[in-house]
Peer 1: 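Quick one: structure below, then a few questions.
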Amino acid sequence: MPESVNIEPVPSRRSMSWISKVIWVFNWFAIGGLLLAILAPFVNPAVFWPLAFWGLLFPVFLLFNGVFLLYWWWRKRRQGWFTLIAILISIPYWGDYLQPGFHHNAEPPTKGINVVSYNVKLFDLYNWSNNTQSKSIMFNQLNSLMPEVLCVQEFYTEDAGANRNLDSLKNLLVLPYVHAEYTITLRKDDHWGIATFSRYPIVNQGRIQFNNRTNNICIYTDITVGTDTIRVYNMHLQSVSLGYADLNFLKNPEQNKDDVAASKNILRRMKAAYIKRSGQANAIAKHIAECRYPVIVCGDFNDTPNSYAYRTIKGNMNDAFIESGKGFGQTFINDWPAPRIDYILFSNRFSSYQFKIHEEMNISDHYPISTKLVLHPVEVDH
């Protein structure tokens with residue numbers, strides 16, 4: 001009789017349960033969303049605006065992918081490799097949002113320039129905080145930061161009366177040199193705009209004209225520090241300009257009877273803001289590229305680090321939060337966690353030390369940010 005041969009059955013791959021299949025579909029959506037968010041800073045919203053929304057959600061897609069990775073690891077399924085690859089691709093962008101601060105506590109090797117940027121929300125002109133002492137508190141808090149260059153957005157001042165904020169800040173902070181530009185002037189002596197205060201002499205100044213009609217503005221100020229001249233850009237880019245009804249919908253969407261109409265209005269405003277900011281960013285980046293001085297950029301960009309506006313303005317410059325900050329970089333005060341929209345950038349002749357987001361100063365809807373910048377001498381080839 002022929003010898004019998006025992007043939008072992010070949011194990012089949014485990015098929016996914018219907019739950020895993022549903023999760024796999026959502027996982028692919030999260031992977032695609034993360035990859036589109038990474039692409040968003042490189043695409044001008046004026047060319048293709050929907051991609052800007054994906055960039056806004058970068059931290060959300062990253063978090064979802066992390067959850068899916070844990071799920072597939074727990075299930076021991078190979079689907080997790082696709083998620084892992086997407087997460088690895090996103091690693092270069094993590095530092096824009098979170099800094100561990102392991103190497104950011106160094107003291108500056110020489111005396112630097114203490115730079116502060118602050119959207120002051122008109123110094124609480126209309127008493128949004130319900131505190132009659134709010135402006136005095138903000139002034140005293142600013143004084144405690146001891147700025148040598150102070151960039152203020154949403155600035156308000158009067159030529160006479162109780163709100164002579166320009167003169168008050170000059171005297172209190174001992175910043176005798178000021179460059180202020182206004183987008184709105186009422187009754188000839190009430191001014192809304194932007195201002196740069198300096199302890200060092202101002203030798204030149206100007207503003208960048210945007211192509212669209214807007215209340216937003218960018219100014220540049222040339223300052224002499226020792227034997228060097230530096231240029232400080234101070235900007236407030238286009239905001240979404242949500243109305244009370246829009247904000248109420250975002251806080252309580254389940255209580256809104258016109259959810260579809262409200263959400264469409266918000267999306268329209270966001271689209272318009274992205275497109276306007278892209279034009280403003282292009283104009284600013286072009287102006288910076290033509291500057292022959294070391295550059296400091298301060299301001300409220302009204303956009304996240306994963307945006308076309310931020311990437312375009314930053315160019316080859318450095319970000320003070322990335323170079324010397326720590327923690328989660330939230331600068332806008334809101335009911336939900338929000339990424340940075342306020343920045344201090346600088347060219348390569350500077351080094352940044354002790355960047356800080358001053359969360360104790362919360363009367364405005366923005367936290368002030370500060371850093372100490374050390375200007376290095378020009379390297380001469382021998």
Side-chain angles (χ1 to χ4, degrees), residues 8-43 45 48-104 249-256 259-260 262-264 266-267 270 274 303-308 310-311 319 321-322 325-341 357:
E8 295 291 335
V10 178
S12 60
R13 292 180 178 176
R14 289 182 299 160
S15 61
M16 287 194 293
S17 67
W18 69 269
I19 295 178
S20 291
K21 289 179 180 178
V22 171
I23 291 175
W24 185 224
V25 170
F26 282 104
N27 192 171
W28 270 114
F29 177 78
I31 290 172
L34 183 59
L35 296 178
L36 288 174
I38 292 170
L39 182 63
F42 301 92
V43 178
F48 186 68
W49 60 266
L51 204 56
F53 292 101
W54 298 95
L56 177 65
L57 297 174
F58 172 83
V60 177
F61 286 121
L62 181 60
L63 177 62
F64 283 169
N65 276 279
V67 172
F68 286 125
L69 181 63
L70 290 175
Y71 174 79
W72 296 122
W73 175 80
W74 172 65
R75 293 295 309 275
K76 296 182 174 59
R77 302 302 296 257
R78 60 187 175 87
Q79 281 78 4
W81 285 104
F82 298 96
T83 307
L84 179 61
I85 291 171
I87 291 175
L88 291 176
I89 293 173
S90 73
I91 287 177
Y93 299 86
W94 293 5
D96 293 336
Y97 295 84
L98 182 67
Q99 282 294 322
F102 296 143
H103 58 289
H104 294 341
F249 167 73
L250 290 174
K251 291 180 180 180
N252 304 291
E254 71 283 353
Q255 298 180 12
N256 196 301
D259 291 353
V260 175
S263 60
K264 284 183 177 180
I266 293 172
L267 289 174
M270 292 180 69
Y274 277 122
D303 222 334
T304 69
N306 224 56
S307 66
Y308 178 84
Y310 170 80
R311 176 185 170 274
D319 187 322
F321 171 74
I322 296 173
K326 61 181 178 180
F328 178 61
Q330 180 175 358
T331 63
F332 183 59
I333 303 173
N334 215 319
D335 292 334
W336 56 87
R340 289 186 300 147
I341 62 174
I357 300 171

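These numbers were taken from a predicted model, which means no experiment stands behind them.
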Peer 1: Do the side chain of Gln79 and the main chain of Trp81 share a donor and acceptor less than 3.5 angstrom apart?
Peer 2: no

Peer 1: Check whether more than 12 heavy atoms from other residues, nucleotides or ligands sit under 6.0 Å from atom CZ of Phe42, and answer yes or no.
Peer 2: yes

Peer 1: More than 12 heavy atoms of other residues, nucleotides or ligands under 6.0 Å from CZ of Phe26: yes or no?
Peer 2: no

Peer 1: Which pair of heavy atoms, one from Pro305 and one from Arg340, lies closest together, and at what distance?
Peer 2: CD-O, 3.6 Å

Peer 1: Give a yes or no on whether the backbone of Ile23 and the side-chain of Asn27 come within a donor-acceptor separation of less than 3.5 Å.
Peer 2: no

Peer 1: Measure the spacing between CZ of Phe61 and CG of Leu35 and express it to the nearest 0.5 Å.
Peer 2: 10.5 Å

Peer 1: How many angstroms lie between CG in Leu57 and OG1 in Thr304, if you round to the nearest 0.5 Å?
Peer 2: 9.0 Å

Peer 1: If we count only N and O atoms by modelled type, under 3.5 Å, do the side chains of Tyr310 and Asp319 hold a donor and an acceptor together?
Peer 2: yes

Peer 1: Please list, one pair per line, the donor and acceptor atoms closer than 3.5 Å that link side chains of residues 87-98 to other protein atoms, with sequence neighbours excluded.
Peer 2:
unit_1	atom_1	unit_2	atom_2	d
Ser90	OG	Ile87	O	2.7
Ser90	OG	Trp94	NE1	3.0
Trp94	NE1	Ser90	O	3.4
Tyr97	OH	Asn306	N	3.4

Peer 1: Between atom CH2 of Trp74 and atom CG of Leu70, what is the distance when rounded to the nearest 0.5 Å?
Peer 2: 11.5 Å

Peer 1: Check whether any side-chain heavy atom of Val67 lies under 4.5 Å from a side-chain heavy atom of Tyr71, and answer yes or no.
Peer 2: no

Peer 1: Not counting sequence neighbours, which residues clear side chain to side chain donor-acceptor pair (under 3.5 Å) with Tyr274? List them please.
Peer 2: none

Peer 1: Would you check, one step at a time, whether the test side-chain contact (heavy atoms from CB on, under 4.5 Å) holds for Ile38 with Phe58?
Peer 2: CA-CA 7 Å; Ile38 292 170; Phe58 172 83; 4.1 Å; yes

Peer 1: So do the side chains of Gln330 and Ile357 get within less than 4.5 Å of each other, counting heavy atoms only?
Peer 2: no

Peer 1: Would you find a donor on one side and an acceptor on the other, under 3.5 Å apart, between the side chain of Ser307 and the backbone of Pro41?
Peer 2: no

Peer 1: Would the Phe82 and Trp72 ring centres measure less than 6.0 Å apart?
Peer 2: no

Peer 1: If every non-hydrogen atom of Phe321 is compared with every non-hydrogen atom of Gly327, which pair is closest and at what distance?
Peer 2: CZ-O, 3.3 Å

Peer 1: So that I know where these two stand, are Phe53 and Trp49 an aromatic pair - ring centroids less than 6.0 Å apart?
Peer 2: yes

Peer 1: Go through it in stages, so that I can follow the logic: the residues are Phe68 and Trp24, the test is ring-ring contact (aromatic ring centres under 6.0 Å, His included), and I'd like the CA-CA distance, side-chain angles, deciding distance and then a yes or no.
Peer 2: CA-CA 9 Å; Phe68 286 125; Trp24 185 224; 8.9 Å; no

Peer 1: To the nearest 0.5 Å, what is the distance between CG (Asp303) and CG (Leu56)?
Peer 2: 7.5 Å

Peer 1: So which heavy atom on Asn65 is nearest to which on Thr83, and how close?
Peer 2: O-CG2, 3.1 Å

